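Structure first, commentary second.
In what follows, chains are A, B, ... by sequence order, proteins preceding strands, each numbered from 1. Because only heavy atoms are used, hydrogens play no part in the values below, and waters and symmetry mates are left out as well, while side chains stay in. Values in this document were obtained by computation on a predicted structure and should not be read as measured data.
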Amino acid sequence: MELSKHYDPAVTESGWYARWNANHYFNSFPDDRKPFTVVIPPPNVTGVLHMGHTLNETVQDILVRRARMSGFNACWVPGSDHASIATEARVVAMLRDKGIDKNSLSREEYLKYAYDWKETYGNIIYDQIAKLGCSVDWNRTSFTMDDHYYKAVISVFVDLFRKKLIYRGARMIHWDPAARTALSDEEVEYQDVEGILYFIRYPIIGSDEFITIATQRPETIMGDTAVCVNPQDPRYKNLKGKQINIPLINRQVPLIFDDYIDMEFGTGALKVTPAHDINDYNLGLKHGLKVINTLNEDGTLSPAAEIFVGMDRFEARKKIVERLRNEGFLMKEEAYATRLGFSQRSQAVVEPRISTQWFVNMKPLAGPALEQVFSGAIRIHPGEKFLATYKYWLENVKDWCISRQLWWGQRIPAWYDNKKRFVVAENEEAAIAAYRQEFGALQEGEILTQDEDVLDTWFSSWLWPMEVFRGITEPGNREIRYYYPGSVLVTGQDIIFFWVARMIMAGMEYMNERPFSDVYFTGMVRDRLGRKMSKSLGNSPDLLKLIEKYGADAVRFGIMISSPAGNDLLFDEAGLEQGRNFNNKIWNALKLVKGWQGRLAESPDKTESSAEMNFAVVWFENRFNQVKNEMQQLIAAFKLSEALKNLYSLIWDDFCSWYLEWVKPGYEQAMSPAIYKRTILFFDELLQWLHPFMPFVTEEIYHLLKDRGTGDDLCIKQFGAFADPDLRVLGTGGHLRALLTAGREFRQQHQMKNTEPISRIVLPGEIFGDNQSLYAIIRRQLNTSVIDFKTNELEKDQRIHVIPFLGHQIGFETEKKIDAVKHRHDLEEELSYYQGFLENLNKKLSNERFVKNARPEVVALEKKKKEDTEEKIAAIKLTLNG
RNA sequence: GGACUGCUAGCUCAGUUGGUUCAGAGCGCUGCUUUGACAGAGCAGAGGUCACUGGUUCGAACCCAGUGCAGUUCACCA
């Protein structure tokens with residue numbers, strides 16, 4: 001069969017993915033093998049996979065495929081997350097485009113639209129996961145709003161409520177005015193912004209005096225219910241018992257005293273607005289102040305504000321500043337650097353707001369989660385970066401606000417009577433029963449009404465490692481017993497609190513066991529210049545287009561090769577190009593090896609060329625063992641990028657550039673069948689080791705290399721055992737390569753083409769021993785027919801070019817005269833380097849303190865270095881004077 | 001403001017318990033090479049005061065202290 005010039009991923013990738021699935025290679029069932037369980041961090045159904053997902057999925061696939069090929073029963077569960085706020089925002093926007101107002105719909109009608117949306121986008125994401133080659137078990141696809149999953153979330157809510165770990169109460173929470181819902185602390189992102197500090201004077205009642213306060217938020221003065229100063233502040237001591245008038249609305253509020261006030265800041269006087277600031281709220285509690293909420297849910301001013309009612313808060317700020325200025329209350333404005341909280345999903349500026357919400361009491365859950373990580377039961381990679389953050393968060397964890405004023409999500413299972421008394425139960429029927437028990441029978445005509453709100457998405461995601469195996473809804477079932485706990489969780493470091501810590505809490509609470517043994521945090525994907533990927537910068541590439549252009553293997557390669565463990569990944573298409581070229585390199589090696597198939601010698605091999613005696617074969621086998629050992633260690637330490645680099649270099653340099661050249665038959669020569677067979681085996685195994693990283697090209701070439709029986713697919717081929725490398729063989733290989741390089745350099749310097757033979761090479765015999773196949777390599781690679789070993793008889797002949805080599809001398813004899821001047825110059829430079837080196841060694845060895853204090857091995861090593869260097873110097877001198 | 005992490009070749013990063021065959025890799029760069037697997041390539045090569053300043057040590061990219069810069073994260077000072 002004629003093989004194309006370049007490898008073409010498009011034709012092979014879809015075909016192989018379909019075949020793997022048809023053969024159910026990715027479907028897992030509990031059996032006698034050890035499980036290797038990975039649950040995908042479920043992407044939001046709101047959109048498409050971005051490069052961060054691509055990195056995560058690739059890492060997971062590498063680990064899962066490797067486990068599958070290492071005797072484990074690998075199970076990778078795919079799925080998606082309903083992402084309540086984000087999806088609701090998208091669906092509402094979609095409806096608006098269609099001219100439909102969400103508020104005109106019933107809950108049921110709305111949810112129908114939302115589910116349609118989910119079907120469309122969820123499937124796009126799954127298609128991308130497949131295109132990337134991810135070996136997930138599609139039969140296990142889970143969604144956080146599946147029926148059983150929904151039930152699991154509800155039952156966990158009910159259970160935690162009964163355990164008094166969930167409560168309902170009025171608290172100061174973060175309010176997203178755009179999404180019109182409460183948020184958890186984690187969903188608020190702070191940004192430094194340039195603000196203005198306004199100095200406003202408030203009239204003191206019963207005098208002509210004023211007291212000046214400083215604020216960033218003049219639009220909240222209508223919510224002021226006090227002005228506060230430090231009791232130690234001499235400026236204000238005389239104002240005790242005074243009332244203050246709020247400008248514009250003329251409301252009287254008391255002047256209060258509290259240590260909390262920093263006398264240095266601003267004017268040392270604070271306007272207290274308990275409804276709109278957490279600190280003011282606390283002050284209000286302490287001093288029994290009124291709470292006046294001047295903002296509506298959407299961020300406009302409420303009737304309680306009295307003025308500018310219905311105007312947006314930022315617009316109102318401008319107007320109020322204007323009026324304060326006109327009416328003489330605004331004393332000055334100062335530029336002020338501050339920090340504002342933004343909603344992670346809607347980007348709206350978050351408002352502190354007092355509101356009745358549901359909360360999880362986190363402290364009791366945090367303890368075991370902390371212990372799991374600190375005892376080493378759960379290992380975090382890379383540890384040093386995240387341990388401290390993890391610990392701090394858990395030790396200072398605050399209660400988790402879990403209710404959201406949305407429709408897309410699990411509806412809170414609480415039912416209220418007319419008097420707002422409530423019961424929590426799995427469903428309405430149970431609620432009625434529970435109600436009767438707690439409050440007695442319902443009044444005639446009275447009904448219980450379910451809470452309108454839904455739960456935070458993360459309140460469902462935290463059950464993911466359990467409920468994908470129905471561990472909550474069918475506790476103790478066969479699957480949860482087999483697959484739980486999972487092996488490794490791969491995710492972005494940005495959701496360590498949102499998800500990872502909470503999963504550990506839930507796992508400990510409901511399984512009394514960690515949900516996974518290792519957590520591998522990938523970095524953030526940035527562009528080539530280190531900027532975050534964002535839509536507005538247009539630097540976020542389209543995954544499917546990249547796969548179309550380079551192939552999925554190249555995308556995987558490109559993203560892994562530049563992704564050192566735990567560091568941010570600077571995404572650059574150059575890496576993908578490197579991956580594509582790598583595909584092609586392997587493809588061409590295939591073409592070369594296939595070409596030998598028709599040239600196999602008919603007679604059995606003679607001893608000299610038989611594979612076991614052949615230096616190239618022996619050397620490569622050991623080199624491969626060396627890399628296998630290195631890779632094993634690197635992968636165990638989650639250094640996947642390093643492992644891939646080693647393998648890349650093994651294939652490209654050691655296999656293609658050295659090994660294949662060494663065993664390549666000469667022009668019109670036959671190929672040794674024994675060596676051919678070994679070469680195919682090496683190739684097979686190289687593909688196998690590469691397969692987890694680049695599954696498509698390896699599977700394709702594996703099948704082109706040789707006819708395979710049914711079911712002999714690389715995807716499920718089990719790794720064999722491997723030995724430690726023989727270091728002596730590796731050493732000799734290194735010398736051989738150095739010799740060949742020296743020969744090439746010699747040719748380069750003297751403009752000798754490869755076709756022009758070197759008539760004779762003189763080598764010190766002790767370096768390479770008596771392996772004939774090795775000398776055969778030297779002869780062919782350097783294009784020479786004669787190798788002599790009489791180094792001490794190197795004639796003083798213009799045609800002999802003598803160079804120092806590993807403390808010895810080697811000579812190249814040619815037909816033409818060589819340029820001796822440049823040669824001398826190089827040698828002299830080399831000589832002076834070694835002389836300097838020797839001087840240092842001598843200095844060190846004559847230093848009594850060194851000889852006395854250093855370990856004996858080190859001293860011996862230095863002495864050996866000295867001897868070697870002296871030998872080298874002698875060899876160079878001999879050459880120069882020779 | 002606190003905490004953490006990093007600073008090694010033009011770029012991205014390795015460098016395990018301190019020992020000048022240890023200053024490395026990939027990409028990029030420079031030169032040469034085109035009938036025989038591969039120009040999506042081959043071969044050869046150039047590039048670094050290991051952020052800075054001190055200290056410990058016979059010896060420091062590596063350990064310690066300080067400084068600078070960058071990044072991450074936490075924090076209620078209006």
Classify [X] by what it touches in the nucleic acid, base, sugar-phosphate, or nothing, heavy-atom distance under 4.0 Å.
X: Thr215(A); value: sugar-phosphate
X: Lys398(A); value: sugar-phosphate
X: Tyr336(A); value: sugar-phosphate
X: Arg217(A); value: nothing
X: Leu270(A); value: base
X: Trp652(A); value: sugar-phosphate
X: Gly341(A); value: nothing
X: Phe265(A); value: base
X: Glu264(A); value: nothing
X: Cys656(A); value: base
X: Ala589(A); value: base
X: Gln748(A); value: base

Self-check item: Chi-angle category of G24(B) [syn within 90° of 0, anti beyond]
Solution: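 Anti, angle beyond 90° from zero.
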With a 4.0 Å cutoff (strictly under), does any side-chain N or O of [X] reach OP1 or OP2 of [N]?
X: Asn581(A); N: A41(B); value: yes
X: Tyr550(A); N: G40(B); value: no
X: Lys664(A); N: C38(B); value: no
X: Lys391(A); N: A3(B); value: no
X: Arg744(A); N: A44(B); value: yes
X: Ser657(A); N: C43(B); value: yes
X: Tyr648(A); N: C27(B); value: yes
X: Lys645(A); N: C13(B); value: no
X: Thr741(A); N: A44(B); value: yes

[X]/[Y] aromatic ring centres below 6.0 Å:
X: Phe682(A); Y: Tyr659(A); answer: yes
X: Trp393(A); Y: Phe497(A); answer: yes
X: Tyr648(A); Y: Phe582(A); answer: yes

Self-check item: hbond_proxy Glu661(A) side chain to A37(B) base (donor-acceptor, 3.5 Å cutoff)
Solution: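 It does, because a donor-acceptor pair links the side chain of Glu661(A) to the base of A37(B) below 3.5 Å.
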Taking only the [atom1] atom of each, what is the distance from [N] to [M] in whole angstrom?
N: C62(B); M: A51(B); atom1: C1'; answer: 15 Å
N: G10(B); M: U53(B); atom1: C1'; answer: 27 Å
N: A37(B); M: G28(B); atom1: C1'; answer: 26 Å
N: C7(B); M: A44(B); atom1: C1'; answer: 33 Å
N: G6(B); M: A60(B); atom1: P; answer: 22 Å
N: C43(B); M: G48(B); atom1: P; answer: 25 Å
N: U17(B); M: U5(B); atom1: P; answer: 16 Å
N: A39(B); M: C13(B); atom1: C1'; answer: 28 Å

Quiz prompt | Passing candidate, side chain to side chain donor-acceptor pair (under 3.5 Å) with Thr220(A), options Arg313(A), Glu351(A), His276(A), Lys271(A) | solution =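 The option that passes is Lys271(A).
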Quiz item: Just by distance, do the side chain of Arg317(A) and the backbone of Glu219(A) share a donor-acceptor pair under 3.5 Å?
Solution: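 A pair under 3.5 Å: no.
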Quiz item: Is a donor on one side and an acceptor on the other found under 3.5 Å between the side chain of Arg235(A) and the backbone of Thr267(A)?
Solution: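 Indeed, once roles are kept as given, a pair shorter than 3.5 Å links the two residues.
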Quiz item: Does G19(B) pair with anything, Watson-Crick or G-U wobble, both distances under 3.5 Å, and if so, with which nucleotide?
Solution: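 For G19(B), the partner nucleotide comes out as C58(B), under the 3.5 Å rule.
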Quiz item: If we call it a pair only when both distances are under 3.5 Å in a Watson-Crick or G-U wobble match, what pairs with C69(B)?
Solution: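 G6(B) - that is the nucleotide pairing with C69(B), both distances being under 3.5 Å.
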Quiz item: What do you reckon, is CZ of Arg528(A) surrounded by more than 12 foreign heavy atoms closer than 6.0 Å?
Solution: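 Atom CZ in Arg528(A) is not packed in, count stays at 12 or less.
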